[in-house]
Amino acid sequence: MLSYIIRRVFQSVLVLLIVGLVAFAMFTFIGDPIDNMLGQERTQEDVERLRERLGLDQPFVVQYVKFIISAAQGNFGVSYEQGRPVADILAERAPATLELAAVSGLFALSLGIVLGVFTAIRRNGFAANLIMGTSLIGVSLPTFLIGILLIYVFSVELDWLPSFGRGETVQIGGWTTGFLTGSGLRALILPAITLGLYQMTLIMRLVRSEMLEVLRQDYVRFARARGLSERAVTFRHALKNTMVPVITVTGLQLGSIIAFAIITETVFQWPGVGLLFINAVQFVDIPVMAAYLMLISLMFVAINLAVDLLYVAIDPRLRT
Amino acid sequence: MFRFAAISALALTVASSAYAESFRWAGTTDPQTMDPHAVNSAPVLGFLNNVYEGLVRRGKDMAVQPALATAWEPIGEGEGWRFTLRQGVKFHDGSDFTAEDVLFSYERASSEASDTRSWFAPVSGVNVVDDYTVDILTSAPNPLFPSSIANWMIMDKGWTEANNAARPDKENGNYATLNVNGTGAFMLKDRQPGLTTTLAPFAGWWDEAEHNITEATFTPIDNPATSVAALLSGDVDMINPVPIQDAARVDERDGTKVIRGVEARVIMLGFGHEADTLKYGAMAGKPNPFQDVRVREAVAKAINVDAILKTIMRGSAESVSQLVTPAMSGYSDANADRPAYDVEGAKALLAEAGYADGFSFGLKCPNNRYLNDEAVCQAVTGMLARVGITAELEAMPVQNYWPELRADNFDMYLLGWSPGTFDHEHPVRFLVSTPNAEKKLGSWNFGGFSDARVDELLPMIQSEIDAEKRQGMVDEVTAIYQNAHAYVPMYVQPLVWGTRDNIALTQRPDNFFILRWVTVN
């Protein structure tokens with residue numbers, strides 16, 4: 001058991017290190033931050049001096065090792081663009097992304113389950129077919145298109161919701177929240193739908209197929225035979241038994257909601273870490289990109305590790 | 001659902017009426033610092049022009065006006081300039097503006113750590129004569145000096161030193177990176193780097209306020225579709241730029257309008273003059289045809305600039321014959337003609353140069369630097385194909401583009417140039433002079449164009465006091481680079497801003513957005 005855990009942790013660290021190495025190898029292709037940092041009237045000498053000071057004249061492996069050494073000490077360096085510690089910037093931006101991810105996750109889960117159950121029990125109804133049909137849109141339309149579509153309908157044409165940003169936020173300690181103001185809550189609606197739509201349809205389809213499976217089971221038939229109300233059968237007996245795979249998938253999807261918030265954040269100018277990353281790519285702000293990619297991969301590795309360890313807890317055959 | 005929507009719509013109208021006197025605008029780039037000496041870039045200097053001021057400033061027509069200095073006059077036979085400072089000027093924190101602040105700001109802005117030190121290359125020293133008189137000495141007569149320092153912003157010595165920001169620190173930042181204590185019409189109220197920056201009018205400003213803004217908020221919006229939507233939905237009052245393809249839509253819609261102008265930026269094609277061989281295309285390694293002036297002239301004749309303006313720029317831009325626009329100083333009509341569009345003439349020139357069958361080469365182009373830059377390069381490629389030469393276009397993001405140009409990886413390239421001093425000398429110094437790292441000349445002359453007479457004339461232009469003589473020399477340089485077809489200047493980049501109908505503002509050709517000229521009706 002212990003050796004298994006140690007082995008898995010070791011593998012996770014290795015994955016992290018490889019992700020970092022690949023990231024740094026890619027940074028050499030995305031251009032040079034120097035021209036963004038120096039003005040029009042820079043000389044060749046200025047360019048070379050700055051390259052040297054930033055360590056950009058060294059091979060990427062050396063840059064990577066330096067980054068890892070200081071990152072291991074909790075120092076992610078200083079942003080080329082803003083001239084501030086990357087850790088501070090990430091801490092500032094994280095609440096926006098996490099709140100958006102939480103709301104869209106909640107939206108996806110609740111609406112996904114409700115619609116999933118509905119389409120399962122009214123399998124051949126008109127409404128259920130309509131929902132199933134339109135859910136294809138959620139799966140097949142790219143996120144940025146959905147976002148722009150929502151902006152044009154609800155902000156530009158109807159003028160109901162703000163077209164960008166987070167609205168007013170309230171500072172609580174080191175955390176900024178948009179949950180406590182009207183404009184903050186309104187600003188959450190469109191990005192949360194955009195980000196959560198894909199997950200919502202995914203959960204809905206999952207719940208529906210699980211429900212259809214469960215509803216065919218004998219114990220559901222017995223429950224009906226016992227004369228229980230249709231509601232009790234559906235929600236107390238059937239739905240409960242579909243929840244295990246749904247929760248597993250939702251947990252795994254939470255990681256991707258945070259990581260793939262990049263596009264949604266760009267479309268809505270949502271001031272989270274995804275937008276920060278996109279800006280960093282454009283500026284070639286290597287410390288910010290590196291820290292972001294490492295944190296995201298850390299998150300995925302941690303989720304996977306947790307899942308693996310849970311399997312060990314559940315499945316005794318792995319405990320040898 | 002509908003009741004909920006109705007409620008939220010009602011809530012929105014209530015909320016927005018509270019914002020009636022505030023002004024919100026969006027641009028693509030966040031000013032990366034609030035330190036006016038740390039970064040010499042248009043987004044930073046343009047933004048900081050609202051909070052800091054220089055000894056002089058530029059007016060609505062770009063003319064130099066008194067700001068923190070009320071008058072200036074040359075000292076002796078061109079040993080420098082004497083500036084008389086304005087009295088009674090206060091910084092935002094209430095401290096007085098004096099000559100010590102000017103001296104301090106000179107030391108700070110010309111220090112090793114500053115990005116703006118190239119502005120002070122001609123300066124040999126600064127002397128404080130009394131509290132309200134400063135002498136700025138130059139190593140050679142420098143008639144243009146006062147107009148070259150409109151973006152040199154004066155900081156408060158006491159405040160800056162007390163906050164350990166006596167020198168700019170771009171890499172690690174310091175107090176002045178996030179805070180402002182200027183003399184300008186607006187004060188920094190809140191700064192969240194990369195997110196929003198809020199300004200409020202400065203009650204103690206020395207000049208009379210033209211604007212009626214009570215609060216102004218800037219948000220960088222990167223995605224063009226998002227910023228257009230933000231303007232159309234009324235979430236912001238002004239955006240810069242409006243994508244050219246969306247301009248008509250913004251104009252036609254009730255409640256918004258487009259304000260068009262031309263920027264100071266000239267878009268041109270450059271050649272590899274020094275390279276003996278072609279680097280790209282099927283003929284890589286063969287002798288470089290662009291070393292022949294007839295081939296360069298053929299390129300100039302082959303490009304139908306009017307067609308580019310009509311289709312790609314949708315009529316918003318103007319064609320140009322020189323490296324500066326008519327709005328700049330040092331421009332004269334002496335060289336106003338640009339080569340006419342002439343396919344047959346271009347073919348004849350190519351045949352004469354020995355390229356009757358054409359040739360192929362590599363054209364490098366950015367795809368996110370200038371308005372519709374990649375589309376322009378595609379059009380150029382098509383037009384060159386009509387005279388029989390094949391450009392292999394490679395477009396790339398600007399962060400990859402400059403390193404390619406610096407490494408001489410091109411046969412032909414696209415470049416835009418906006419002269420920081422608004423004078424013709426600027427592009428001559430950076431683009432036409434023979435590259436010379438030591439003298440800091442020709443640092444953007446990637447192709448290595450070189451002409452002895454230009455190199456000889458440049459220092460004379462820089463120090464000539466007599467305006468007529470100076471213009472004569474500038475015209476001579478212009479004729480040289482035009483006849484040599486060192487570059488093919490094509491057009492001036494358009495300025496396309498979008499605003500709500502109730503906003504009145506002034507568009508300046510340097511693309512600086514000056515808040516004190518904005519009125520909300």
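A, B, ... follow the sequence lines: proteins, then strands. Residue 1 opens every chain.
Inspection of the A/Q82 and B/D30 side chains reveals no N or O donor paired with an N or O acceptor under 3.5 Å. Side-chain N/O atoms of A/S163 and B/D235 include a donor and acceptor closer than 3.5 Å.
Using a distance-only test at 3.5 Å, with no hydrogens or angles considered, no donor-acceptor pair links the side chain of A/E81 to the main chain of B/Q32. A distance-only check finds no donor-acceptor pair linking the side chain of B/T226 to the backbone of A/F268 [under 3.5 Å]. A/Q269 places a side-chain N or O within 3.5 Å of a backbone atom of B/P220 that can act as its donor or acceptor partner. Of the possible donor and acceptor atoms, none in the side chain of B/Q399 sits under 3.5 Å from a partner among the backbone N and O of A/I30. Within the 3.5 Å criterion, the main-chain N or O of A/G83 finds no donor-acceptor partner in the side chain of B/K170.
Taking 4.5 Å as the limit, some side-chain heavy atom of B/L195 sits within range of a side-chain heavy atom of A/R93.
Using a 4.5 Å cut-off between heavy atoms, A/I278 touches chain B through its side chain atoms alone. Proximity to chain B (any heavy atom under 4.5 Å) is restricted, for A/I151, to the side chain, taken from C-beta onward. There is no contact between A/R166 and chain B, counting heavy-atom distances below 4.5 Å. With a 4.5 Å cut-off on non-hydrogen atoms, A/D32 touches chain B through its backbone and its side chain both.
Residue A/Q171 qualifies as enclosed at atom CD: its count of foreign heavy atoms under 6.0 Å is above 12.
When each of B/N400, B/T33, B/N40, B/N172 is scored by its heavy-atom pairs under 4.5 Å with chain A, the top score falls to B/N400.
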